Amino acid sequence: MEDYYQRVYKIVEQIPKGKVTTYGSIARYLGIASGARMVGYALNKAAETNIPAHRVVNRNGELTGRAYFPDDTMRERLKQENIRFIDEYQVDIDQHLWDPNEEMG
DNA sequence: GACCTGACGGTAC
DNA sequence: GGTACCGCCAGGT
């Protein structure tokens, strides 16, 4: 079901600069609250696209997907957007959280 | 067609 | 408050 991935990409593209969201929020918006894993899986493919997948982190704000980005691209991109880091590879999710369920309805 | 794996999340202890 | 375990859906072998 590639259409599923398209849905994920569409949402990730809507993430405003300086904001981040979680896999769970995206999954919930898609109607699969428990499909957070699928979101990350989709973003894996998104890593080779023009989609800002670096703005998506887990519920804890950890850059779990940094391994799928060349070097520290993911962290550099976030820092470039003035994202506050509470750890070397963990953003202040509570400060920059962007929930599509609230922003997009 | 069955089993295993995977950028996660919530609950239980 | 942190760690551990189970559940979830989709895709590949």
Side-chain angles (χ1 to χ4, degrees):
Chain A
M1 191 179 269
E2 294 182 2
D3 223 37
Y4 169 77
Y5 294 108
Q6 296 303 321
R7 295 289 184 181
V8 178
Y9 301 158
K10 205 62 175 297
I11 297 173
V12 177
E13 287 178 337
Q14 301 306 311
I15 303 175
K17 182 181 179 182
K19 291 287 183 178
V20 295
T21 191
T22 66
Y23 303 96
S25 297
I26 297 174
R28 183 172 299 185
Y29 184 79
L30 291 175
I32 44 175
S34 302
R37 306 183 72 166
M38 275 58 274
V39 177
Y41 197 77
L43 291 184
N44 183 339
K45 294 179 62 177
E48 57 189 44
T49 67
N50 300 329
I51 298 168
H54 61 271
R55 289 179 187 156
V56 185
V57 298
N58 67 359
R59 197 197 86 78
N60 212 29
E62 294 174 279
L63 277 53
T64 48
R66 63 184 164 86
Y68 289 76
F69 278 86
D71 301 321
D72 285 342
T73 303
M74 193 172 188
R75 193 172 73 129
E76 289 300 318
R77 293 259 186 169
L78 293 173
K79 290 178 64 179
Q80 202 173 61
E81 298 180 2
N82 297 323
I83 301 292
R84 178 173 299 184
F85 278 74
I86 61 179
D87 197 21
E88 189 171 3
Y89 289 108
Q90 184 175 13
V91 303
D92 194 340
I93 188 67
D94 197 55
Q95 186 71 29
H96 302 283
L97 180 60
W98 180 82
D99 196 338
N101 298 287
E102 297 181 357
E103 299 295 333
M104 303 177 79

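Residue numbering restarts at 1 for every chain, and letters A, B, ... go by the order of the sequence lines. What you are looking at is a predicted structure, and each value in this text was computed from that prediction instead of being measured.
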Checklist outcome for this item: What residues 69-78 of chain A contributes to the DNA chain B interface at heavy-atom separation below 4.0 Å is A:Phe69, A:Met74
Next on the checklist: Quick check on contacts: within residues 13-23 of chain A, what sits under 4.0 Å from DNA chain B by heavy-atom distance?
Outcome noted: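 Of all residues in residues 13-23 of chain A, the ones placing a heavy atom under 4.0 Å from DNA chain B are A:Thr22, A:Tyr23.
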Item to check | Hydrophobic cluster membership, A:Phe69 vs A:Ile26, 4.5 Å side-chain cutoff | outcome: no
Next on the checklist: Please determine whether residues A:Tyr29 and A:Leu43 belong to a single hydrophobic cluster, defined as Ile, Leu, Val, Met, Phe, Trp and Tyr linked transitively by side-chain heavy-atom distances below 4.5 Å.
Outcome noted: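 Cluster IDs for A:Tyr29 and A:Leu43 match.
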Next on the checklist: How would you summarise protein contacts on nucleotides 2-9 of chain C per nucleotide, using B for base, S for sugar-phosphate only and - for none, with heavy-atom distances below 4.0 Å?
Outcome noted: -----BBB
Checklist entry - Is there a side-chain contact between A:Asn58 and A:Thr22, using heavy atoms and a 4.5 Å cut-off? => result no
Value in whole Å for how far the [atom2] atom of [N] lies from [atom1] of [X]:
| X | N | atom1 | atom2 | result |
| --- | --- | --- | --- | --- |
| A:Asn44 | C:dG11 | CG | P | 13 Å |
| A:Asp99 | B:dG9 | CG | C1' | 14 Å |
| A:Asn60 | B:dC8 | CG | C1' | 11 Å |
| A:Leu63 | B:dC8 | CG | C1' | 14 Å |
| A:Leu30 | C:dA10 | CG | P | 11 Å |
| A:Ile26 | B:dG9 | CD1 | C1' | 14 Å |

Item to check | side-chain hydrogen bond (donor to acceptor under 3.5 Å, both in side chains) against A:Gln80, all qualifying residues, sequence neighbours excluded | outcome: none
Checklist entry - Sub-3.5 Å donor-acceptor pair from the side chain of A:Ser25 to the main-chain atoms of A:Pro100, do we have one? => result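 Not at all, since once roles are kept as given, no pair shorter than 3.5 Å links the two residues.
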Checklist entry - For the side chain of A:Asn82 and the backbone of A:Gly18, is there at least one donor-acceptor N/O pair under 3.5 Å apart? => result no
Checklist entry - Hey, does A:Ala67 reach any base, or is it just sugar-phosphate, or nothing, if we go heavy atoms under 4.0 Å? => result nothing
Checklist entry - Is A:Ala53 touching bases, backbone alone, or none of the nucleic acid, heavy atoms closer than 4.0 Å? => result base
Checklist entry - What nucleotide, of B:dC8, B:dG10, C:dG11, holds the atom closest to the side chain of A:Asn58? => result B:dC8
Checklist outcome for this item: Between A:Tyr41 and A:Arg59, the residue closer to the 5' end of DNA chain B by nearest nucleotide is A:Tyr41
Checklist entry - Is the A:Tyr5 ring parallel, tilted or perpendicular to the A:Tyr41 ring (thresholds 30°, 60°)? => result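 The arrangement is tilted - the two ring planes meet at 30° to 60°.
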Next on the checklist: Pairing donors with acceptors under 3.5 angstrom, does anything connect the side chains of A:Asp99 and A:Asn101?
Outcome noted: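 Side chains of A:Asp99 and A:Asn101: pair found under 3.5 Å.
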Item to check | Pairs flagged by side chain to side chain donor-acceptor pair (under 3.5 Å) wherever residues 86-97 of chain A is involved - sequence neighbours left out | outcome: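 Listed once each, the pairs are A:Asp72-A:Tyr89.
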Next on the checklist: To the closest 0.5 Å, what do you measure between CD1 (A:Ile11) and CZ (A:Arg7)?
Outcome noted: 8.5 Å
Next on the checklist: Per the salt bridge (charged side-chain N to carboxylate O under 4.0 Å, His left out) rule, what does the pair list look like for residues 54-66 of chain A, sequence neighbours excluded?
Outcome noted: A:Arg55-A:Glu81
